[in-house]
Every structure is written in C-alpha cells, then in structure tokens.
2 protein chains.
Amino acid sequence: MCYAQFIENLFYKGGGSLEKPTIADVAKYAGVSITTVSRVINNNYPVKEETRQKVEEAINALNFKPNYLARSLIGKSTHTIGVVVPSITNLFFPVVVKGIEKVCSQKTFSLFLCDTDGKEESERTQIQNLLEKQVDGILVIDPRYENIENGFYEECAKKIPLVLINGYHRGVRCNFVLNDQEMGTLQAMEYLIKLGHRDIAFLRAKNSYSYDIKEQVYYETLKKHQIPIRKENILVIENGNGLETVELAIQVVQKRLEQEEPPTAIFACNDWMGVGVMQAAKRLGISIPEDLSVIGYDNIVISEISEPKLTTVDQNMYALGKTSARLLLDIIKHPGHGFQKIILDTNLMIRESCTSPKK
Amino acid sequence: MCYAQFIENLFYKGGGSLEKPTIADVAKYAGVSITTVSRVINNNYPVKEETRQKVEEAINALNFKPNYLARSLIGKSTHTIGVVVPSITNLFFPVVVKGIEKVCSQKTFSLFLCDTDGKEESERTQIQNLLEKQVDGILVIDPRYENIENGFYEECAKKIPLVLINGYHRGVRCNFVLNDQEMGTLQAMEYLIKLGHRDIAFLRAKNSYSYDIKEQVYYETLKKHQIPIRKENILVIENGNGLETVELAIQVVQKRLEQEEPPTAIFACNDWMGVGVMQAAKRLGISIPEDLSVIGYDNIVISEISEPKLTTVDQNMYALGKTSARLLLDIIKHPGHGFQKIILDTNLMIRESCTSPKK
DNA sequence: TTGAAAGCGCTAACAT
DNA sequence: ATGTTAGCGCTTTCAA
C-alpha cells in the first residue's frame, strides 16, 4: 500500500517525488481550484456535495495533510503555547505540566517545553525563543523572582498572553495562578498545635520567597497561640530542592534533636526535607510519630511511599496546571480583559507522621 | 493598562504600530532593500560594514525578531522536534526528557512535548499532529509495542527522521536506542548469586515486554548456576508503574514471605516494586538486608531516599535521552544513512539493600 | 457555488 | 555590494 502510494505520487508529480503533497496537488487531482480545496478542508464556505466528494477523495488518495506553518503564517494562530519550567526532573513540575498538557491537547494546542535549569537568564532567552516561534501564549512555572520584579514579565505580558504559575510580586501587572501558601502553612501549623504540640521546629532552605512566606506564617501562628518562639527551632539548610536536600536536612535535624529540649514536632518546608527529618529520627532511634511528629509540604510522590507515610500539605499540582492552562487559552481566545490573580486552595493530607506529643 | 495599550494601538496604527515589525519595516527604516536585511540577519552574504550598521540599528530600534514560521515555510527546517512520552509524571521519563532538552537547546532546537497516557491510539494521533506541525524529527519514549509491531512506526520512519527509545521489535526498520536490559538483569542476578543467594524470588508485573526479558534472563542465570527454579518464587502483580504498584507489591511479597522456606533475596523488576518489597519486610519485622536482600531496577529517585537505600540497576536515563537526541539531530542533518540500533550499558548501583544470606 | 489573485514574512536565485 | 522578483503553502477578499 505504501508502495502503491509511492507509485501514485511518482505518477502525479510529473517527475515525481515522495514530497508531501500540497493543496495545489489536491486541487489538480480533484480538478478544482485551490480555493475550493481550502473550503472543504476548513468547511467554512458552501461547497457542492459532489465537489466535496471529489476533493475528499483526492485528499485521501494523496494522503494530504495541511501544512500548519503556512496556515499559521497567515496570521490566525499557531495553536501552540510555550511552557517554561525550572527543571522537568523536579518531581514537582511534571504533574503541573501534565495538567497543562491535558487541557491543551483537549483544545488541540501543542506545547513547547523549555527547561531553564532555574537560571534567571536562561528563562529570558527561552521566552525570547518562544516569541520568535510565534507561540500564542506562554506559561511559566516557578518564574524567577528577579524576572518578575525587574519588570521583564510585565513587559512580556504586554506582547503576548502570559500566565505566571507559583510566582508573585505585588503590583506587577500580569496574570498569576498561585497556591495559597499562607493557608497551607496555617493548616499545617494549626494541626500540629491542635494535636498538642507547643515546641515546633521550622525547617527551611535559604533564599526563597516561598520559605519566607511560610516562616512568616509560622511566627504568626505561634504568636496567635501565645507559644513562645525559640530561635534554636529555626533550622536552615543551603539547598531546598533535590537529593542533597535530604542529606542536608538529616544533618541539621540530627544536630537539633541531640540538643537539650528537642522539639516535639517539625514543620518541613517541603517533602524532601520532611523525608530528611524522618531519616534523621531513624538514625537516632527516635520513632515517628510517637516521639516526634513531622509534617511536610507539597505532597510529592515520595511523601506517599515513605515509612511511615508523611503527613503533608497538598498543593494539587495537577489542578494548578489545568487552571493555568485554561486561563491562558481563555486569554488567547478573548484578549484584553485585564489581569487575573487566581489563588488555589491547599489541602492538609493527614497520613501517618503526626500524633499528639507524649506527656 | 489594557485600555492604555488599546489606546496606544489606536494611536500608532497607520503611522507606525505596535504590531510586530517585519523585515520590510526594518528595510524601510534603514533605507535598504529587504534582501539586504535578510543578509545581515543570516550573515550569509557580504554586506558593507556601513550598511550592516544601519540595518542593525534599525533592528534594534524596531525591536525586530524574525518570524520563524515564515523562515520555516521556505523549507529548510522548523528546528523543532517532537517528543512523545507515555506519561510525563512517571518519574522515569522526565530524566530522559531532560537529556533530550539539553541536547536540543544546545543546538537551538525546540521541543514539542506530547503525553499519550500510554494509549496506543493516542500515540498515533499525537504523531500525526507532529507531522502536521512540520517537526524535523520525532522521538518516542517507550513506544507501544503494538505500534512497532503493526508497522506504524516503520511507516513513519519513511516519512520523517524517527528514533524509538526503549522499545524494540526484531526486523522493524527503524532507529532504536535501548538499554541493555539483559545485561542489567544479568548483573543484578550474578551479584545476588555471588553474595551467596540461591533462593531468589522474581517480582514482576503483567504484560510487559521488558518484564518478559528480565524473567527470561532470570531463568537462564539460575540454570547456568544450576540453581533449581521454584515456581512459588515468581511473583506477579497487576500494575507495574505508579503508586499502587508499591501496595500491590507489598501484598504479594508479604504473602510469599509468610510461607515456608521464604527466599533470601528478591529481584524486583523496578524500583517501585523494590520499595514495596522493603515495606513488606518492614511490616513483618524482617530486616533488610540482614534477613532479606532486595534489588531493584531503574534507579529512579526513590531508590536513593529509601531506608536502607535500594541497590538497583541504573539505566542512565539522562544519557539515554542525550544519545537519542543526538542521533535524531544527526539523522536530520544527514538523512538517508540507513537505520541504527544503539544499545546502552547499564550499571549496578550497589547501595544498602543486599548482603550475603545468613547461614 | 466556484475561481483568480493578492499576500502572510521570509529566503534565494538572478540581475545589476 | 545591493536590489528585483519569484515563490514557500495556505487563506481570503473580490469577481464571476
């Protein structure tokens, strides 16, 4: 059949080739004009039934597929969006991307994937590339704070539909979709306090707006419950994302647990750190949750397979992706409605790593 | 602000415009012909230094960016490839994708990401889409066996540079990049045997070519060492990939371990299952590796954060991605060199979950 | 209901 | 060294 088709092609192209057939080939084969072929493809103008048949036959015979490039060039749209992530291997982002993909493929949009390795400059050049490739819109997951603050994204947003996911700076005129980190942290803290904990450590990494927010809420919640804040309960590690995080967390937590008056619970700013806490405890023969409660954040897959299973805050990454994609496609379709900031709920995932402290 | 932009548009149209500038605008601004502008952009023909300056000024002044669509339409290439994955959330694939991304971005190729949810038909339609979008080549990670066997990919390979990653069928004319699963399994089995194990269970899921291969090697290795095969040591679960796998593995392994003469070691066909084995052991108070050795396969991130750390077979996903991408780009650049089958080495990652059996 | 022709933004012969 | 012109494959007026 492919051979037959090959021959057919040879025959037709009068000299022949395996080249992709164009709309002109179809027109010739069907004995109609190019315009008519276009009409049956797009089904946007009346065409006599008989003609349509002929054209459709030709299309099948030649196995014609319209060239998107040419279509797009005329100006409507490329039906393509760009998705920029700091690192696709991050365990966190693939779920968001999947949500985006789901919505896009439903609406027959394609998706350019760009990985920046978390570099501020790479983020900018990737966006430039996307612009040149004429994408209809751009989604940025965890944009670098600097690029939001320095006006880069505000500038972008003027040129092209743009949605920033999980990054924010007050006053920047841009579309945002965010998780409610204040709420998530509050849920976690209130839960621990309700269990009876009054000595809760806070484990974070350096330099992240996200951890700053959480630390803020940590203080506020303690204050609200008139629980004194102890400086030695603020545990800080260098790097918050990746394998080394676990090891770093183990070190710092182990040290803290060996001091006098160790905390009865630890709030970890993400699940990697949460796992680190568990392993530190294990090494010291401290059992979780009996002797120490741990709560994580993010609900990435590792929290579900740890032993015991880690209680954590779910950010519903999948919904985050879907919501953002929907917003973007909506903006593409109906431009110029001003900017939106959508804040998504978080959910406390109560599993096995927390309980009331021993008296 | 959107209003402001609206106004700005109104104002500008007909004198200048906020519309993207085209090469013609640049030419007019610089007082040269379109061709000359094209020449300085592409830097492929001699242009007087003075003229070049003028043009570059114009380009900057107008903030001109060439339109890739138009460029591509002329026929060279879109500088874009398609990457098809069963599921980007799979923990396995993001690393491969990252490797691909790395190579592509280095060569200024963009990458369309397509997620098929592992569906045979979706795989085909996604590929159709990619073809219509005029990608220069396609990479498929873990292609469905059916689509390889039924000739679909062989057909594709005639139309476009195509590389299949981690899927194979003898006799199919196509490019393949594979991990050496026979070798990996062999390494794992020999390791266990060398440690002194003679009662090794094999844990797999149903319906996968990959598990079939491994089972085959399992038998052969035992036979080679004259170790009798025990039927009750073949453990099969329903689903091999995802969270539920851990639970399923726990069930079946727990059951086996409670029988008489339990194995002293278990070969798990992937790391999810490996984790399941560990947790089953934990529930039964069997300690790893003292009472039971476990070996996994894949070396996904969870194997590194389990307690104890899981010994496993590394498939070097990242290299897999990079190699495949390089091969594809190479084929795109120099077409028609026949097909290749590249087989990558595996590495035994000896960590903490295996030791010699107690006498 | 159909076709001719202009043009999307760019490149590449072919002149000059 | 630079400009003129003819397309790339398609959509879309405008005419018939």
Side-chain angles (χ1 to χ4, degrees), chain A residues 9 12-13 17-56 58-59 62-80 131-136 159, chain B residues 13 17-56 58-59 62-80 131-136 159:
Chain A
N9 265 312
Y12 250 94
K13 285 267 184 162
S17 81
L18 242 166
E19 306 248 313
K20 286 178 197 158
T22 74
I23 198 172
D25 299 322
V26 177
K28 206 197 282 180
Y29 189 107
V32 299
S33 78
I34 290 183
T35 315
T36 305
V37 176
S38 171
R39 280 176 186 139
V40 347
I41 294 168
N42 295 295
N43 198 27
N44 51 359
Y45 284 90
V47 173
K48 219 206 299 179
E49 192 47 36
E50 201 186 315
T51 322
R52 156 165 279 120
Q53 296 262 317
K54 274 194 300 180
V55 173
E56 268 159 4
I59 289 176
L62 301 178
N63 190 27
F64 166 78
K65 301 270 178 261
N67 181 332
Y68 238 89
L69 254 39
R71 274 189 169 179
S72 304
L73 183 54
I74 296 183
K76 297 280 164 229
S77 125
T78 51
H79 254 223
T80 299
L131 252 23
E132 289 182 29
K133 295 244 160 139
Q134 315 299 125
V135 294
D136 292 342
K159 297 185 208 150
Chain B
K13 291 265 186 157
S17 91
L18 238 167
E19 305 251 310
K20 284 181 198 156
T22 74
I23 198 172
D25 298 324
V26 177
K28 204 196 283 180
Y29 189 105
V32 298
S33 77
I34 289 183
T35 315
T36 305
V37 177
S38 171
R39 279 171 188 144
V40 346
I41 295 168
N42 295 296
N43 197 28
N44 51 359
Y45 283 92
V47 172
K48 218 206 303 181
E49 191 46 37
E50 200 186 315
T51 321
R52 157 166 279 118
Q53 294 262 318
K54 272 195 301 183
V55 172
E56 268 160 4
I59 288 177
L62 301 178
N63 191 27
F64 167 77
K65 302 271 179 259
N67 181 333
Y68 238 89
L69 254 39
R71 275 188 169 179
S72 305
L73 182 56
I74 296 183
K76 296 278 165 233
S77 123
T78 51
H79 255 223
T80 299
L131 252 23
E132 289 182 29
K133 295 245 161 141
Q134 312 301 122
V135 293
D136 293 341
K159 297 185 208 148

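Note on naming: letters A, B, ... go to the chains in the order of the sequence lines (proteins, then strands), and numbering restarts at 1 for each one.
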What does [X] touch in the nucleic acid at a heavy-atom separation under 4.0 angstrom: a base, only the sugar-phosphate, or nothing?
X: A:T36; result: sugar-phosphate
X: A:Y68; result: nothing
X: B:T51; result: sugar-phosphate
X: B:I34; result: base

Contact boundaries on DNA chain D for chain B, cut-off under 4.0 Å to non-hydrogen atoms: D:dA1 to D:dG9
Once you round it to whole Å, what is the distance between [atom2] of [N] and [atom1] of [X]?
X: A:Q53; N: C:dT1; atom1: CD; atom2: P; answer: 15 Å
X: B:R39; N: C:dC10; atom1: CZ; atom2: P; answer: 16 Å
X: A:E132; N: C:dC10; atom1: CD; atom2: C1'; answer: 13 Å
X: A:L73; N: C:dG9; atom1: CG; atom2: C1'; answer: 5 Å

Looking only at the side chain of B:P66 (C-beta and beyond, no hydrogens), which of the listed nucleotides C:dC10, C:dA5, C:dG9 gets closest? C:dC10
Which nucleotide wins on minimum distance to the side chain of A:K48, given the candidates C:dT1, C:dG9, C:dC14?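 Closest nucleotide among those given: C:dT1.
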Going by atom types only, do B:T36 and B:S33 share a side-chain donor-acceptor pair under 3.5 Å? yes
Can you tell me whether the side chain of B:T35 and the base of C:dA12 have a donor-acceptor pair closer than 3.5 Å? yes
So, is B:N44 near the phosphate of C:dT11, with a side-chain N or O under 4.0 Å from OP1 or OP2?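 Indeed not, no polar side-chain atom of B:N44 lies that close.
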Phosphate OP1/OP2 of C:dC10 contacted by B:R71 side-chain N/O (<4.0 Å): no
To the nearest 0.5 Å, what is the distance between OG1 on A:T51 and CD on A:Q53?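 Taking OG1 in A:T51 and CD in A:Q53, the distance rounds to 9.5 Å.
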